Amino acid sequence: MALHFERSEYADRLARLTERMKTEKLDALLLFAQESMYWLTGYDTFGYCFFQTLIVKADGTMTLLTRSADLRQARHTSTIDNIVVWVDRANADPTLDLKNLLSDMDLLGARIGVEYDTHGMTGRVARLLDNQLSTFGQISDASYLVSGLRLVKSTAEIAYAKRAAELADDALDAALPLIKAGGDEAEILAAMQGAVFLGGGDYPANEFIIGSGADALLCRYKAGRRRLDATDQLTLEWAGAAAHYHAAMMRTVLIGEPSMRHQELFKACYETIQAIEGVLRPGHVFGDVFDTHARILDERGLSRHRLNACGYSLGARFSPSWMEHQMFHVGNPQEILPGMTLFIHMIIMDSDGGAAMTLGHTYLTTESDPQPLSRHDLDLILR
């Protein structure tokens with residue numbers, strides 16, 4: 001089997017989940033998030049673009065309902081023993097297959113939690129599911145049960161996060177010689193992604209972000225490439241990925257003589273991250289991180305140019321995003337605990353002046369000071 005962890009670790013995760021289910025008084029849980037299935041069993045696929053669900057009972061038994069295309073995938077990559085296939089056909093409603101399966105599993109009238117907030121659950125599926133199960137049992141939203149358990153990483157998970165960070169560093173090393181006047185964004189992007197692959201890494205859960213000139217002010221990937229001018233700005237956001245565990249980084253690289261505005265924005269980013277390192281530790285919550293970010297940037301007159309979040313938890317994720325549910329935004333009460341892998345990013349986009357500045361990397365939280373996972377410092381990169 002293609003498992004990335006010892007079976008004992010998967011058993012520990014299942015024990016933690018079933019204990020939490022008992023606390024929440026759930027008889028069963030329907031997992032639709034691929035990262036939940038992967039964390040719990042090792043099941044590795046992009047088949048979640050179709051209907052599939054992993055049924056977990058409070059006694060620890062599990063059954064996967066999926067399509068025929070993923071039958072062998074599940075057998076080869078997971079600890080799941082019981083796999084049921086629903087059949088592709090005209091006007092198929094696999095939620096009916098699910099209801100019949102739940103009945104066979106003696107769950108009629110049971111308390112059942114459902115992962116609704118995931119890319120593996122479309123609106124159509126949610127409507128069909130609710131229609132089938134509204135009178136079957138007591139249904140509740142359990143979208144964040146597993147994601148909450150996944151926040152603190154095990155020793156083995158941290159090893160993959162550290163390897164992902166090494167791959168992210170390798171990607172930056174591959175890019176830097178190509179970032180210069182006349183440099184081609186296509187070559188830069190190919191070198192970065194190639195470095196991750198050559199290091200044994202995976203596709204990231206979302207595309208690398210690359211943009212220069214006016215496109216440097218964008219925070220999302222877009223199609224199209226250009227060559228760098230003699231004086232230019234290049235924004236990059238990327239992640240190394242190892243066994244689907246991610247470590248993200250972000251930089252705006254300046255080509256040619258840096259403007260005073262760029263230097264001002266970089267100083268704001270750098271000093272804000274330094275201040276955040278003082279609260280990225282036990283005794284604080286995610287909201288404290290955002291408050292630090294907002295206070296410093298707003299004091300410098302940058303409130304119009306900053307974002308309403310400054311990072312998020314990272315872990316094993318699948319397309320279309322490497323972001324976890326838990327983000328650094330106002331009022332988030334999530335406690336910061338040792339063993340979390342957290343991406344801190346500063347993003348300042350001055351649309352009035354056309355200047356972009358970003359800075360960030362991934363940290364491992366400890367009992368005291370957070371540990372940057374990147375070997376690169378946060379100095380301004382000039383080419």
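The shown structure was predicted, so the numbers you read here are calculated from the model rather than taken from an experiment.
Between Phe51 and Phe32, the ring center distance clears the sub-6.0 Å criterion. Note: His244 and Phe318 meet the aromatic proximity criterion, with ring centroids under 6.0 Å apart. If you look at Phe197 and Tyr203, their ring centroids are closer than 6.0 Å. Between Phe328 and Phe343, the ring centre distance reaches or exceeds 6.0 Å.
Annotation for Lys162: atom NZ does not count as buried by contact number, only 12 or fewer foreign heavy atoms lying within 6.0 Å. Under a cut-off of 6.0 angstrom, the local environment of CG in Asp117 is crowded, with over 12 non-hydrogen atoms contributed by other residues, nucleotides or ligands. For Arg89, the CZ atom counts as densely surrounded, since its 6.0 Å shell holds more than 12 non-hydrogen atoms of other residues, nucleotides or ligands.
For the residue pair Gln326/Ser313, the side-chain donor-acceptor check at 3.5 Å is not satisfied. Looking only at atom types and distance, the side chain of Thr41 has no donor-acceptor partner in the side chain of Thr79 under 3.5 Å away. Residues Asp70 and Tyr48 have side chains that never bring a donor and an acceptor to within less than 3.5 angstrom of each other. A donor atom on one side chain and an acceptor atom on the other are not found under 3.5 Å apart for Glu257 and Thr231. There is no side-chain donor-acceptor pair under 3.5 Å between Thr77 and Asp44. Between Tyr363 and Glu277, the side chains place a donor N or O and an acceptor N or O closer than 3.5 Å (distance only, hydrogens not considered). For Tyr221 and Asn206, the side-chain atoms include no donor-acceptor pair closer than 3.5 Å. A donor atom on one side chain and an acceptor atom on the other are not found under 3.5 Å apart for Ser212 and Gln233. Counted by atom type alone, Thr235 and Thr358 present zero donor-acceptor pairs between their side chains at under 3.5 Å. Judged by distance alone, the side chains of Gln138 and Asp27 never bring a donor and an acceptor atom under 3.5 Å apart.
Ring geometry for His246 versus Trp322: interplanar angle of 30 to 60°, hence tilted. A tilted orientation is assigned to the rings of Tyr38 and Tyr245, their planes being inclined by 30° to 60°.
A donor-acceptor pair under 3.5 Å links the side-chain atoms of Trp238 to the main chain of Ala168, judged by distance alone. For Gln34 (side chain) and Tyr43 (main-chain N/O), a donor-acceptor pair under 3.5 Å exists by modelled atom type.
Pairing each heavy atom of Pro372 with each of Pro370, the nearest pair is CD-O, 3.5 Å. Heavy atoms only, all atoms of each residue included: Leu314 and Ala248 are closest at CD1-N, 3.5 Å. Nearest heavy-atom pair across Leu178 and Ala191 is CD1-CB, 3.6 Å. Residues Asp229 and Ile255 come closest through the heavy atom pair O-CG2, 3.5 Å. Across Ile55 and Leu101, no two heavy atoms sit closer than the pair CD1-CD2, 3.5 Å. Between Val285 and Ile336, the shortest heavy-atom distance links the atoms O-CD1, 3.9 Å.
None of Leu307, Val279, Val330 except one satisfies the side-chain contact (heavy atoms from CB on, under 4.5 Å) rule with Phe290; the exception is Val330. Exactly one residue among Glu324, Glu35, Glu157 makes a salt bridge (Lys or Arg N to Asp or Glu O under 4.0 Å) with Arg150. That residue is Glu324.
Cation-pi geometry between Arg7 and Tyr10 is not satisfied (NZ or CZ under 6.0 Å from the ring centre, within 45° of the ring normal).
Atom CD of residue Glu187 and atom CD1 of residue Ile179 lie 12.0 Å apart, to the nearest 0.5 angstrom. The distance from the CZ atom of Arg306 to the CG atom of Asp298 is 4.0 Å, given to the nearest 0.5 Å. Glu24 CD to Leu29 CG: the interatomic distance, rounded to the nearest 0.5 Å, is 10.0 Å. Between the CD atom in Glu299 and the OG1 atom in Thr272 there is a gap of 9.0 Å [rounded to 0.5 Å]. From Thr362, atom OG1 reaches atom CE of Met250 across 12.0 Å, with rounding to the nearest 0.5 Å. Taking CD1 of Ile344 as the start and CD1 of Ile276 as the end, the distance is 5.0 Å to the nearest 0.5 Å.
Sequence neighbours left out, the pairs with a member in residues 278-289 that pass side chain to side chain donor-acceptor pair (under 3.5 Å) are Arg281-Asp369, His284-Asp288.
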